[in-house]
Amino acid sequence: MSQDLKAAALDYHANPRPGKLSVEITKPTRTSRDLSLAYSPGVAEPVREIAKDPENAYKYTAKGNLVAVISDGSAILGLGNLGPLASKPVMEGKGVLFKRFAGIDVFDIEVNSESPQAFIETVARIADTFGGINLEDIKAPECFEIERALKEQCNVPVFHDDQHGTAIVTAAGMLNALELQGKKPEEARVVCLGAGAAAIACMKLLISCGIKSENIFMIDRKGVIHAGRDDLNQYKAMFATETDCRTLDDAIDGADVFVGVSGPDLFSAAQLKKMAPNPIVFACSNPDPEISPEVALATRDDLIMATGRSDYPNQVNNVLGFPFIFRGALDVRATAINEEMKVAAVHAIRDLAKEPVPREICEAYGVESFEFGKEYIIPKPMDVRLLEFVPAAVARAAVDSGVARHAYPAHYPLKSIDDIR
Ligand SMILES: NC(=O)C1=CN([C@@H]2O[C@H](COP(=O)(O)OP(=O)(O)OC[C@H]3O[C@@H](n4cnc5c(N)ncnc54)[C@H](OP(=O)(O)O)[C@@H]3O)[C@@H](O)[C@H]2O)C=CC1
Ligand SMILES: CC(=O)C(=O)O
Ligand SMILES: [Mg+2]
């Protein structure tokens, strides 16, 4: 990041008021009568109703449109384990995106927990406050057990964004990129640098989209995950292949796809040169990708290149997923965000990239046009049609798969934030 951008980012967060979010009042509180409704004595009535039936919390409180974004700060972007308080700008940022793109209110919660069990207990005890729980930036392998336990213990949808949000958006972009490069998913050889939360979920979802598990080479800090290793946790072990490849250098030879969900500057131009013709590189580490687009595009002109960042074409980032997935889930009061809903989101995002792009969206990005192709494989975060396509697909899948407690909303598909009820 340039010194200018670093300074501007600090100034943005500090001024004119620290942080990026505030709480707003949604009912009149001007008169003494208003206060006697909002507070004592009136507030006692919804209290009694909720005590009689917890479902009434959706009727009388903000619960149904409120998501908790919760982290322990153990894997903040690609910056590593910097602790819960340091994760707060990212969690506030996720709150901004939930609100800006899908009208969802967020409390960000940073938990100082000494163990996964302490984290699970903390979240389970507060979960009923919210309509949904978005877990964020929790490192592997702890994130897998944390999510499993919380799904079991909580009555609202629990979703680890770095796993599933990332996987959904990666799969949508990847299916389009493979199509554009003339490659079949079942034949593509994939190298995944990283074997953590994002990597494991991305590769699992790519397998359910047609990539063959035997064609995936997953790599952690110790090298290729292969059948001869005896140091693998159960999540990595699912990706252990019978291979002689031991390093990224070995695995990348002739690969069609590189997915980076690891850390900055870990993929070199020399390694990119070794990939098959018409390669696909998703260098998704934030804020700094595994290889810079400048270097990658100077190295190969037959490349499709994506990053997690907003300042390059093809932003493969979970921002295209979580606001809209939760919108759909909340609006049918889904008890979970299941595989059917995730796959529906993949196809909704993927299909939207093939639609003509309205002028206002091009103007928001200062370009003449966007057209489905190597520099536009996936919709832009500012594309308001994400709110039309994704929640509708997710809500429909929730209804069809039996996890919705409400019918498909009569006011769907949403055309703008103003349509949200
Ligand atoms: N664009 C997007 O939407 C998203 C991007 N990401 C990015 O993905 C990255 C990982 O995040 P997440 O999965 O949550 O974190 P985790 O901590 O769960 O996983 C990190 C993984 O990266 C591996 N890794 C780190 N350094 C190296 C290295 N030098 N060589 C090989 N492997 C390495 C680790 O290996 P080991 O297992 O050996 O420790 C680990 O498997 C981050 O950079 C994050 O910004 C994450 C989510 C969304
Ligand atoms: C985008 C995101 O969630 C991450 O990099 O962790
Ligand atoms: Mg994250």
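First listed ligand is number 1; within each ligand, the first listed atom is number 1.
- Close contacts of ligand 2 with Glu136, meaning ligand atoms under 4.0 Å from a residue heavy atom, involve 3 (O).
- Against a heavy-atom cut-off of under 4.0 Å, Asp162 is close to the following atoms of ligand 2: 2 (C), 3 (O), 4 (C), 6 (O).
- The shortest contact between atom 10 (C) of ligand 1 and any protein heavy atom is with Val261 O, 3.3 Å.
- With a heavy-atom cut-off of 4.0 Å, Asn317 touches ligand 2 through its side chain alone.
- Within the structure, ring pair (Phe, Tyr, Trp, His ring centres under 6.0 Å) contacts touching residues 269-299 (residues at least two apart or in different chains) do not occur.
- Backbone or side-chain N, O or S atoms of Asp161 do not reach the Mg ion (ligand 3) at under 2.8 Å.
- Contact atoms of ligand 2 toward Lys94: 1 (C), 2 (C), 3 (O) (distance under 4.0 Å to a heavy atom of the residue).
- By the neighbour-count criterion of 12 heavy atoms within 6.0 Å, atom CD of Glu375 is sparsely surrounded, having that number or fewer from other residues, nucleotides or ligands.
- One distance of note links CD of Glu186 with NZ of Lys212; it measures 6.0 Å at 0.5 Å rounding.
- Using bins of under 30°, 30° to 60° and over 60° for the plane-to-plane angle, the ring pair Phe370/Tyr365 lands in the perpendicular bin.
- A side-chain N or O of Ser401 and one of Asn338 form a donor-acceptor pair less than 3.5 Å apart.
- In this comparison of Asn286, Leu248, Asp161, the heavy atom closest to atom 2 (C) of ligand 1 sits on Asn286.
- Less than 4.0 angstrom separates some heavy atom of Asn286 from each of these atoms of ligand 2: 1 (C), 4 (C), 5 (O).
- Selection from Ala195, Gly260, Ser262, Cys284 by nearest heavy atom to atom 41 (O) of ligand 1 gives Ala195.
- Here the side chains of Asp288 and Arg309 are in contact, with some heavy-atom distance below 4.5 Å.
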